[in-house]
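Encoded as structure tokens, the structure appears first; notes follow it.
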Amino acid sequence: MSSIRVRFAPSPTGTLHVGGARTALFNWLYARLQKGVFVLRIEDTDQERSTDASTQQILRSMQWLGLDWDEGPTEDGADSRGDHGPYFQSQRRDKYDEFAARLLQENLAYPCYCTPDELDAMRQKAKAEKRDFGYDGRCRDLSHDERKEREARGRTSVLRVRTPDEGSIRWTDIVHGDMEIAADTVEDWVAVKGDGFPTYNFAAVVDDGLMEISHVLRGDDHISNTPKQIHLFRELGFRIPKFGHMPMILGSDGKRLSKRHGAASVEEFRDENFLSAALVNYLALLGWSPGNDQEVFTVQQLTKKFSLKRLNHSAAVFDPEKLAYINAEHLKLLSDKQRLAMAWPILVDAGLAEADDGQARAKLGQVLKIMGARVSHLNDVPAYCAAYFSDDYELDAEAAAEFDDEAQAHMAKLAEAMAKVEGFDAASAEAALRALADELGLKAGQLIHPARFAVSGQKVGPSVFDVLATVGQERVVQRLRAPRRPA
RNA sequence: GACCCCAUCGUCUAGCCUGGUUAGGACUCCAGCCUUUCAAGCUGGUAACACGGGUUCAAAUCCCGUUGGGGUCACCA
């Protein structure tokens, strides 16, 4: 086991977004590639916004994606497992308190008595004067008596970290290379809030330190937190992890991806019946490339080829069309058995079959077979397959318009021909149809197209002879005799 | 606004580090082939180095600047 320890640390204030999923994925891939440890930590220090439902949802999304964690909450989210727990920040108060006390004792931090309202006023003023606002350090050097006096007035305090005024903070970013931020652009930031809970930057450092995280891989939007965290890692005596800031995922308008761009949470893609392997594959391609022309990867292949060295520097736009293509490719990768296992529940959900109907399930297997690559998304299954399971299927408007009285007359004759076929299958149905076409002096296509419509309601689909064979002689004859036409 | 990040087809990207390519691939779009139809598949096509200066025999590639886009500026994470 290597000493590589990475983590994904979502805050349970909503669903798992594709941006977060991509971050989780890259951490997971790196851990699997390096035979390291992947830690999942729930950052629920925001009392107002964190919900248990969100935690559950995130855990479910992670599991759906196949991103299993070595340490973290148990699968049901009720408990923790691993040597560095607990993995819910809300259960780690004792640790934050301990380090906060140390910061205070060593004068690395100080109590600040400014109220949110006061700070807000200062911010407004700075804005009005077109000045930059950074906390001005007015509580930085309060004397013992001054502190006592404020406390006597019932003022609550927050704990602010004393940041250096001079010099700079540097690190070598795995993605961006050498980084240097001037220390004077880093303000004295709040480590412990008025409610006694740690802020993100404080809790993250304590936890990453205690959990012995070796690499912090996260979004670009965290770059500005990094100097604060590095400073604190150092002051607290922790080994400083390596940092890698990955590019953001944007919507088609170039803005950070969000709900208004359409589906943006993992759960939505699951509900829309995307293959999780396809989402994983597509997400991996956003911000990373293998360096050659391969684009379709199984998860297994990704864990072998992934490399931090090949992470991109620039933000990427999420493209639903490319995802759809990758999804279709993964559908082709599935065995007939796997595809059937995925499609069956969808057919059942659509009310086209009973869950325990083994015959219907076998039939779906046949239908899927003749459909072939025409099913590029599992969501298409109900519409494409309805005619094989029910007489209540949709009629394609275009095909219906082409189906005239002459076609109907032809279908009546075809019905009788089909009724006479013995040993009804694709080959015998084809022979009978072609014979009838010859007899009537028609081209085969003149029977084929109306027949497809009469039997399946569709304009397109598999070989019509396969359709006939699969729908079955009895139903074929019925539908040819009395084709459904739009009202 | 300040600080930071980024910059190759519409989109995802290879090429950049270690200057010399007809700047490659994929999605989308278009055309053709195949097919009873559609899809798939196959073949072909349209389409990019943001701009300006350097350095160099030679710059997508190295340097500087400009412009553009994004991010951060909370007792949110």
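Letters go in sequence order (proteins before strands), and every chain restarts at 1. Side chains are part of it too, since the values below use all heavy atoms of this structure and drop only hydrogens, waters and symmetry mates. The structure displayed is predicted, hence computed values, not measured ones.
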Regarding [X], tell me which of base, sugar-phosphate or nothing describes its non-hydrogen contacts under 4.0 Å with the strands shown.
X	value
A/Thr13	nothing
A/Ala444	nothing
A/Gly445	nothing
A/Val317	sugar-phosphate
A/Val158	base
A/Lys332	sugar-phosphate
A/Gly287	sugar-phosphate
A/Glu295	base
A/Arg452	base

Write down the protein N/O and nucleotide N/O pairs, taken from nucleotides 67-72 of chain B, whose separation is under 3.5 Å; answer none if there are no such pairs.
residue : atom : partner  : partner atom : Å
B/G70   : OP1  : A/Lys255 : NZ           : 2.3
B/G71   : O3'  : A/Arg256 : NH1          : 3.1
B/U72   : OP1  : A/Arg256 : NH1          : 2.9
B/U72   : O2'  : A/Ser224 : OG           : 2.9

Per A/His313 side chain, nearest of listed nucleotides B/A7, B/U13, B/U36: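 Closest nucleotide among those given: B/A7.
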With respect to the side chain of A/Val464, which nucleotide from B/G25, B/U36, B/C38 is positioned closest?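 So the side chain of A/Val464 is nearest to B/U36.
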Counting only side-chain nitrogens and oxygens, does A/Tyr325 get under 4.0 Å of the OP1 or OP2 atom of B/C27?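 So the side-chain polar atoms of A/Tyr325 do come within 4.0 Å of the phosphate oxygens OP1 or OP2 of B/C27, strictly under.
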Say whether A/Asp207 and A/His84, considering side chains only, have a donor N or O and an acceptor N or O under 3.5 Å apart.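 Result is no, nothing qualifies.
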Can you tell me, in whole Å, how much space there is between the [atom1] of [N] and that of [M]?
N	M	atom1	result
B/U22	B/C64	P	29 Å
B/C75	B/G15	C1'	48 Å
B/A48	B/G25	C1'	14 Å

Candidate pair A/Leu331 and A/Met342, rule side-chain contact (heavy atoms from CB on, under 4.5 Å), full reasoning: CA-CA 10 Å; A/Leu331 224 31; A/Met342 306 282 313; 5.9 Å; no
Is it true that, when you exclude A/Glu398 itself, more than 12 heavy atoms of the residues, nucleotides or ligands shown sit nearer than 6.0 Å to its CD?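 Not buried by this count: 12 neighbours or fewer within 6.0 Å.
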